[in-house]
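Please read the structure below before turning to the comments.
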Amino acid sequence: MAVAQTASVDSAREVSGFVLLITLMMLFAAGKAVLHDTMDPDFFWHIRVAEQLHQDGVRPLVDQISFASSKSPWTPYSWLAELGMKWIWDYGGLRGAIAIQALLEAVFVLLIALCCVQRKNAARLSEDHLEPLFPVVISTAFAVFLAMPYLSFRPVLGAIDIIALCALLLLRDRKLAE
């Protein structure tokens, strides 16, 4: 076997191992939503705020939910996510909420891995060799380890995915010097 063929087989093996490990982390993150009770304790409050938004429109609201609340208007800053949560709950119920949470957590893991790959490839010196992907796996696993206790079905989970997507796009544009 020629040296170039051996290098090609080794790089294909490393890439396939990397993809399998990232997929396993994505399944681990999605499994958390399925196996453990990770619904946000304020979930039904978000649903009630969405109901009030349907009635009054998207604008500062006077709280009609809590009897002891201040009657001054407040701005529901996560109004779009609350309307989305209500829609998911109305059409999918608990299963839909769990499925969306599992999907968003798996996407978070994928975006973190892609950000690490972008950062790793930005430091690459030449285009003819493959950088080792083990540091990317370790960085992704560490980020997932730190983030998993805080991820549940609430508006911030969608915001975290959007921020991770923005970070990925910024890293990509930085690598391309745009």
Side-chain angles (χ1 to χ4, degrees), residues 1-43 46 78 80-81 84-85 87-89 91-178:
M1 196 180 250
V3 174
Q5 289 174 339
T6 305
S8 176
V9 170
D10 289 342
S11 64
R13 184 178 302 139
E14 184 173 1
V15 169
S16 63
F18 169 75
V19 169
L20 287 173
L21 282 172
I22 297 301
T23 304
L24 183 65
M25 280 189 260
M26 290 171 64
L27 288 172
F28 172 73
K32 176 195 170 239
V34 174
L35 297 174
H36 302 289
D37 181 21
T38 57
M39 293 296 285
D40 183 25
D42 295 332
F43 173 74
H46 291 295
S78 57
L80 184 60
M85 289 171 73
W87 184 86
I88 291 166
W89 187 258
Y91 292 102
L94 180 62
R95 289 181 179 166
I98 290 172
I100 294 298
Q101 177 186 350
L103 178 69
L104 289 175
E105 289 179 4
V107 166
F108 171 72
V109 173
L110 178 64
L111 289 171
I112 293 297
L114 291 175
C115 284
C116 291
V117 166
Q118 283 289 341
R119 185 70 182 120
K120 184 77 174 156
N121 287 343
R124 191 163 47 179
L125 298 176
S126 68
E127 295 292 328
D128 60 344
H129 78 285
L130 181 69
E131 286 289 320
L133 294 171
F134 186 68
V136 172
V137 172
I138 295 299
S139 300
T140 304
F142 185 66
V144 171
F145 173 75
L146 291 177
M148 287 310 292
Y150 303 103
L151 300 179
S152 64
F153 188 65
R154 57 187 185 178
V156 74
L157 182 56
I160 289 171
D161 279 356
I162 292 170
I163 290 170
L165 179 63
C166 290
L168 176 64
L169 293 174
L170 286 171
L171 287 169
R172 183 206 62 183
D173 289 348
R174 187 175 183 188
K175 184 180 104 174
L176 298 173
E178 291 184 4

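Distance check: Ile162 CD1 to Leu157 CG gives 10.0 Å after rounding to the nearest 0.5 Å. For the atom pair CZ of Arg154 and CD of Gln101, the computed distance is 10.0 Å after rounding to the nearest 0.5 Å. Expressed to the nearest 0.5 Å, how far CD1 of Ile98 lies from NE2 of His36 amounts to 12.0 Å. With rounding to the nearest 0.5 Å, the separation of CG in Leu171 from CZ in Arg119 is 7.0 Å. Rounding to the nearest 0.5 angstrom, the gap separating the CH2 atom in Trp89 from the CD1 atom in Ile100 is 13.0 Å.
Annotation for Ala29 and Val109: closest pair CB-CG2, 3.7 Å, computed over non-hydrogen atoms. Across all their heavy atoms, Leu165 and Leu111 have their closest contact at N-CD1, 3.9 Å. Nearest heavy-atom pair across Ala143 and Ile112 is CB-CG2, 3.7 Å. Cys116 and Val136 make their closest contact through CB-CG1, 3.6 Å (heavy atoms, listed as atom of the first residue, atom of the second, distance). A pairwise comparison of heavy atoms in Phe43 and Met85 identifies CD1-CE, 3.3 Å as the closest pair. Here the closest non-hydrogen pair linking Cys115 and Ala164 is SG-O, 3.8 Å.
With a 4.5 Å cut-off on side-chain heavy atoms, Leu24 and Phe28 do not count as touching. Side-chain contact between Leu168 and Gln118 is present, with at least one heavy-atom pair separated by less than 4.5 Å.
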When you look at Tyr150 and Ile160, which way does the side-chain contact (heavy atoms from CB on, under 4.5 Å) test go after all the steps?
CA-CA 11 Å; Tyr150 303 103; Ile160 289 171; over 6 Å; no

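Residues satisfying the side chain to side chain contact (heavy atoms under 4.5 Å, CB included) criterion with Leu21, sequence neighbours excluded, are Val137.
Without hydrogens or angle criteria, Lys32 side chain to Leu151 main chain gives a donor-acceptor distance under 3.5 Å.
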